Amino acid sequence: MPIAIDSSRPYLSPSELEDLVRAVMGADPHNESTWIEWKSRLGLEEMSTHHHIAKHVLGFANRTVETARAHAGGYAYLIIGADPKGLLGISPVDPANLRPWIERYVGSAVRWRSEYLTEQNKQVLVVIVEPPRAGDPIYPLRRHFQTTYPKSTHHPLHLACLRL
């Protein structure tokens, strides 16, 4: 079943975002789109999560104006803590920390914000990416996520990875 919500208009206020989260919880798991994505659970303090969120923000920000206009007034949404299987919630982090964690990958020119919502006594994060505008540059990923391996491992594959 497609997302049961009017995708012709943006969702910006907390109550509208709550409607969007509820619609995602009733959607078909395969209905993510160019304007909405969801993740059931991500640890917001983990660097891999920051990188993951940043890639979604950039994907939404780099849509063509025409593609963006087709849904939600051009806005795009990444919902973390809820998906079609239900509501798991997340452990929130201070937005003053989350923003620089994501900006290290996307830069400061990308227009996005985050909003925490409470649904059924659980926290959900909605990342809202503003519509692209004609003349916007292509926003690059400013740094790559790198995994650090413990130095005490002597496995040959581990040593090869350390040389990369």
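Numbers here are sequence positions counted from 1. Please read these numbers as outputs of a predicted model, since none were measured by experiment.
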Ile80 CD1 to Lys39 NZ distance, which is reported to the nearest 0.5 Å
9.0 Å
Side chains of Ser114 and Ile128, heavy atoms from C-beta outward: is any pair under 4.5 Å?
no
Shortest non-hydrogen contact from Arg63 to Glu130?
NH2-O, 4.5 Å
Any heavy-atom pair between the side chains of Val127 and Ile102 that's under 4.5 Å?
no
Check whether any side-chain heavy atom of His52 lies under 4.5 Å from a side-chain heavy atom of Leu42, and answer yes or no.
yes
Do Val124 and Leu88 sit in the same hydrophobic cluster, where Ile, Leu, Val, Met, Phe, Trp and Tyr count as joined when their side-chain heavy atoms come under 4.5 Å apart?
no
Shortest non-hydrogen pair, Arg104 vs Arg142, comes out as O-CB, 3.8 Å
Angle between ring planes, Tyr11 versus Tyr77, binned at 30° and 60°: parallel, tilted or perpendicular?
perpendicular
Heavy-atom side-chain contact between Leu58 and Lys55 under 4.5 Å:
no
Please report the closest heavy-atom contact between Leu44 and Pro92, naming both atoms and the distance.
CD1-CA, 4.3 Å
Could you tell me whether the side chain of Arg99 and the main chain of Ala96 form a donor-acceptor pair under 3.5 Å?
no
Under 3.5 Å, side chain of Thr49 to main-chain N/O of Gly43, donor-acceptor pair present?
yes
Heavy-atom neighbours of Glu16 CD exceed 12 at 6.0 Å:
yes
Side chain to side chain donor-acceptor pair (under 3.5 Å) with Asn97: which residues, sequence neighbours excluded?
none
Using modelled atom types and a 3.5 Å cut-off, is there a donor and acceptor pairing between side-chain atoms of Glu32 and backbone atoms of Trp38?
yes
Reported NE2-to-CE distance for the pair His51 and Met47, which is rounded to 0.5 angstrom
9.5 Å
Please report the closest heavy-atom contact between Ala82 and Val21, naming both atoms and the distance.
CB-CG1, 3.9 Å
Would you give the length of the straight line joining atom OG1 of Thr67 to atom CZ of Arg69, rounded to the nearest 0.5 angstrom?
10.5 Å
Any idea how His71 and Trp35 line up, ring-wise: parallel (<30°), tilted (30 to 60°), or perpendicular (>60°)?
parallel
When rounded to the nearest 0.5 angstrom, what distance separates CZ in Arg113 from CG in Leu12?
6.0 Å
Should Ile36 and Val65 be counted in the same cluster of Ile, Leu, Val, Met, Phe, Trp and Tyr side chains packed under 4.5 Å apart?
no
Would you compute the distance between atom CG of Leu87 and atom CD1 of Ile90 and round it to the nearest 0.5 angstrom?
10.5 Å
Looking at every heavy atom in both Pro132 and Gly74, which two are closest together, and how far apart are they?
CD-O, 4.0 Å
So does Ile138 get a backbone contact from the side chain of Asn62, meaning a donor-acceptor N/O pair under 3.5 Å?
no
May I ask you to decide if Ala61's main-chain N or O and Arg111's side chain share a donor-acceptor pair within less than 3.5 Å?
no
Within the supplied structure, the quantity of interest is the number of heavy atoms (other residues, nucleotides, ligands) at a distance under 6.0 Å from Asp94 CG; does it exceed 12?
yes
Closest heavy-atom pair and its distance - Ala27, Ile3
CB-CG1, 3.5 Å
Could you grab the distance from atom CD1 of Ile5 to atom CG of Leu20, nearest 0.5 Å is fine?
5.0 Å
Heavy-atom side-chain contact between Gln123 and Thr118 under 4.5 Å
yes
